[in-house]
Visitor: 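Shown below is the structure under consideration.
Each ligand, and each atom within it, is numbered from 1 in the order the structure gives.
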Amino acid sequence: MSNIIGKIKKIGVIGTGTMGNGIAQVFAGIGYDVLMIDIKQEFLDRARTSIDRSLQMMVKKEKITTDDARAVTNRLSMSVNLKDARDCDFVVEAVSENHEIKLDVHKRLGEILRPEVVIGTNTSSISITMLAKASGRPERFIGMHFMNPVPVMKLVEVIRGMDTSDETYRITRELTEKLEKVPVEVNDSPGFVSNRVLLPMLNEAISCIHEGIAGPVEVDNVMKFGMAHPMGPIQLADFIGLDICLAIMNVLYDGFKDSKYRPCPLLVKMVEAGHLGDKTGKGFYTWEKHKVTGVHYNG
Ligand SMILES: NC(=O)c1ccc[n+]([C@@H]2O[C@H](COP(=O)([O-])OP(=O)(O)OC[C@H]3O[C@@H](n4cnc5c(N)ncnc54)[C@H](O)[C@@H]3O)[C@@H](O)[C@H]2O)c1
């Protein structure tokens with residue numbers, strides 16, 4: 001196995017938004033050449049700025065030296081042409097969470113990459129098995145679900161599609177360990193484990209507000225000071241984005257056809273109003289520069 005891992009020199013990262021730029025940074029951080037691909041040069045430039053900022057922060061905290069930061073930057077290359085991924089030895093896809101876009105990217109990657117190259121998708125909610133089929137190499141396809149922010153969070157859910165081979169799983173697990181992250185093996189199922197456990201809790205917390213049981217601060221304080229959660233569920237829902245929370249609840253609801261996954265009507269209403277949390281400056285809380293400044297919706 002280490003032999004196969006040893007042959008991996010160049011990583012392709014497709015989609016360089018919030019997750020993709022973090023994924024590119026961590027692979028370049030352990031010495032891989034990384035090709036970042038997006039649809040527009042301005043998106044690649046934005047990703048590069050974001051990586052530079054993150055590296056500067058690490059230098060400031062004396063986690064790495066300026067020479068280390070420069071070396072990481074020098075290992076990054078960029079392209080707006082998916083075909084340039086042809087010489088990559090392992091690919092992580094982190095394009096927008098949209099069925100059509102993902103199916104198209106995986107179909108094309110399946111044609112472009114050498115047959116033995118493994119594709120990992122960072123999707124949070126789309127079936128790994130379905131994307132694997134689109135790639136035409138289901139045995140060489142796997143879920144590689146990083147958490148946000150990628151350079152900080154240790155977990156990578158490694159999700160086996162129906163036809164993922166043992167070798168593909170082992171390659172992905174070994175690479176994850178090289179990144180000094182913790183791979184957790186799970187099987188393909190709506191929401192995997194992370195979102196299946198987390199989102200119903202956030203949804204239930206919102207139901208407490210909806211039913212007038214408590215306000216956002218009170219719900220969060222119960223979970224912070226009673227259950228040792230570093231961030232309360234309402235603040236976390238705002239931080240993730242209420243639109244994303246709703247989309248994932250709908251994936252669980254549609255996937256299992258079980259009423260226990262029904263999105264709370266207040267969550268739906270907040271999304272309809274455009275109060276999405278941190279990203280719009282208003283959700284259950286008011287936000288400025290990614291920090292809570294007050295309560296917006298108290299029930
Ligand atoms: N944001 C999170 O907290 C989070 C956490 C875990 C997993 N994810 C998953 O990671 C993936 C990316 O999410 P994100 O938050 O980084 O999204 P994002 O919107 O920040 O970035 C997506 C990027 O993909 C690019 N893109 C779109 N179509 C493309 C194409 N055809 N080819 C190349 N690039 C293309 C976009 O231009 C954009 O830069 C999604 O599948 C999401 O579900 C997100």
Visitor: Just to be sure I read this right, does ligand 1 sit under 4.0 Å from the backbone of E100, its side chain, both, or neither, counting only heavy atoms?
Guide: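 For E100, no heavy atom sits under 4.0 Å from ligand 1.
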Visitor: What I want to know is whether R108 and ligand 1 share at least one N or O pair that is separated by under 3.5 angstrom.
Guide: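 No, there is no polar N/O contact under 3.5 Å.
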Visitor: Distance to 0.1 Å, residue and atom name: give those for the protein heavy atom nearest to atom 11 (C) of ligand 1.
Guide: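 Heavy-atom neighbour on the protein nearest atom 11 (C) of ligand 1: V95 O, 3.5 Å.
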Visitor: Can you tell me the protein heavy atom closest to atom 27 (C) of ligand 1 and the distance?
Guide: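 Ranked first by proximity to atom 27 (C) of ligand 1 is S96 OG, 3.3 Å.
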Visitor: Tell me which protein heavy atom sits closest to atom 38 (C) of ligand 1, plus the residue, atom name and distance to 0.1 Å.
Guide: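 Residue, atom and distance for the closest contact: D38 OD2, 3.6 Å.
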Visitor: Under 4.0 Å from atom 17 (O) of ligand 1, is there at least one protein heavy atom?
Guide: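 Not a single protein heavy atom is under 4.0 Å away.
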Visitor: With a 6.0 Å cut-off (strictly less than), is the heavy-atom count around CE of M57, excluding the residue itself, greater than 12?
Guide: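 At most 12 heavy atoms, drawn from other residues, nucleotides or ligands, come within 6.0 Å of this atom.
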Visitor: Decide salt bridge (charged side-chain N to carboxylate O under 4.0 Å, His left out) for K279 and D243; before the verdict, give the C-alpha distance in whole Å, the side-chain angles of both, and the deciding distance to 0.1 Å.
Guide: CA-CA 10 Å; K279 67 173 98 167; D243 53 339; 2.9 Å; yes
Visitor: Show the atoms of ligand 1 that are less than 4.0 angstrom away from any heavy atom in R46.
Guide: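 Here the atoms of ligand 1 in question are 39 (O).
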Visitor: What atoms of ligand 1 come within less than 4.0 Å of a heavy atom belonging to F43?
Guide: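 Ligand 1 atoms under the 4.0 Å threshold to F43: 37 (O).
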Visitor: Count the heavy atoms of every other residue, nucleotide or ligand shown that sit under 6.0 Å from NZ of K133, and state whether that count exceeds 12.
Guide: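 For K133, atom NZ is not crowded (no more than 12 foreign heavy atoms under 6.0 Å).
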Visitor: Where is the nearest protein heavy atom to atom 12 (C) of ligand 1: which residue, which atom, and how far?
Guide: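 Answer for atom 12 (C) of ligand 1: A94 O, 3.3 Å.
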Visitor: Should the ring pair F90 and F27 be called parallel, tilted or perpendicular, given that the plane angle runs from 0 to 90° and is split at 30 and 60?
Guide: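 It falls in the tilted class, 30° to 60°.
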Visitor: For ligand 1, is any non-hydrogen atom under 4.0 Å from H145's backbone (N, CA, C, O), its side chain (CB onward), both, or neither?
Guide: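 The side chain, only.
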Visitor: Under a heavy-atom criterion of less than 4.0 Å, does E93 contact ligand 1?
Guide: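 Flag not set, E93 not near ligand 1.
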Visitor: At less than 4.0 angstrom from any non-hydrogen atom of N148, what atoms of ligand 1 do you find?
Guide: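 Matching atoms, with element in brackets: 3 (O).
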Visitor: With backbone taken as N, CA, C and O and side chain as the heavy atoms from C-beta onward, which portion of K40 lies under 4.0 Å from ligand 1: side chain, backbone, both, or neither?
Guide: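 No part of K40 is near ligand 1 at this cut-off.
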Visitor: Other residues, nucleotides and ligands only: do more than 12 of their heavy atoms fall within 6.0 Å of CZ on F239?
Guide: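 Atom CZ in F239 is not crowded, with 12 or fewer foreign heavy atoms closer than 6.0 Å.
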Visitor: Going by the rule ring pair (Phe, Tyr, Trp, His ring centres under 6.0 Å), which residues pair with F141 if we only count those two or more places apart in sequence or in a different chain?
Guide: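 Partners of F141 by the ring pair (Phe, Tyr, Trp, His ring centres under 6.0 Å) criterion, ordered by chain and then number, come out as H106.
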Visitor: Taking the six-membered ring for Trp, are the ring centroids of H296 and F284 within less than 6.0 Å of each other?
Guide: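 Between F284 and H296, which both carry aromatic rings, the centre distance is not below 6.0 Å.
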Visitor: Look at atom 28 (N) of ligand 1 and say which protein heavy atom is nearest, naming residue and atom and giving the distance to 0.1 Å.
Guide: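 Here the closest protein heavy atom is I101 CG2, 3.5 Å.
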Visitor: Quick check on contacts: which atoms of ligand 1 are under 4.0 angstrom from a heavy atom of G17?
Guide: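 Close to G17: 16 (O), 20 (O), 21 (O), 23 (C), 39 (O).
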Visitor: Quick check: are there more than 12 heavy atoms from other residues, nucleotides or ligands sitting under 6.0 Å from NZ of K282?
Guide: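 Open: at most 12 neighbouring heavy atoms sit under 6.0 Å from NZ of K282.
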Visitor: I'd like to check the side-chain contact (heavy atoms from CB on, under 4.5 Å) partners of K83; sequence neighbours left out, ordered by chain and number.
Guide: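 Testing K83 for side-chain contact (heavy atoms from CB on, under 4.5 Å), a comparison that skips the adjacent residues, returns N81, R86, I112.
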Visitor: Can you list the atoms of ligand 1 that are under 4.0 Å from a heavy atom of K102?
Guide: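 Result: 40 (C), 41 (O).
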Visitor: Does some non-hydrogen atom of M147 fall short of 4.0 Å from ligand 1?
Guide: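 Heavy atoms of M147 never come under 4.0 Å of ligand 1.
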Visitor: In plain terms, say whether R137 and E116 are close enough for a salt bridge, that is, a side-chain N and a carboxylate O under 4.0 Å apart.
Guide: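 A salt bridge is absent here (no side-chain N lies under 4.0 Å from a carboxylate O).
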Visitor: Side chains of D45 and Q41 only: does a donor on one sit below 3.5 Å from an acceptor on the other?
Guide: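 Side-chain D/A pair, D45 to Q41: present.
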Visitor: In the protein, which heavy atom is nearest to atom 9 (C) of ligand 1, and how far is it?
Guide: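 Of the protein heavy atoms, N122 O, 3.2 Å lies nearest.
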Visitor: Give the residue and atom name of whichever protein heavy atom lies nearest to atom 43 (O) of ligand 1, and the separation in Å to one decimal.
Guide: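 Closest protein heavy atom to atom 43 (O) of ligand 1: S124 OG, 2.6 Å.
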Visitor: Does only the side chain of V105 get under 4.0 Å from ligand 1, or the backbone, or both, or neither? Count heavy atoms.
Guide: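 For V105, only side-chain atoms sit under 4.0 Å from ligand 1.
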Visitor: Is the backbone N or O of T73 less than 3.5 Å from a side-chain atom of R48, with the two atoms forming a donor-acceptor pair by type?
Guide: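 The answer is yes, because a donor-acceptor pair under 3.5 Å joins these two groups.
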Visitor: For atom 32 (N) of ligand 1, which protein heavy atom lies nearest, and how many Å away is it?
Guide: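 Checking every protein heavy atom, the shortest distance to atom 32 (N) of ligand 1 gives I39 CG2, 3.7 Å.
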Visitor: Do we get R262 above Y253's six-membered ring, with its NZ or CZ under 6.0 Å from the centre and within 45° of the axis?
Guide: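 No; the conditions do not both hold, so R262 does not lie above the ring face of Y253.
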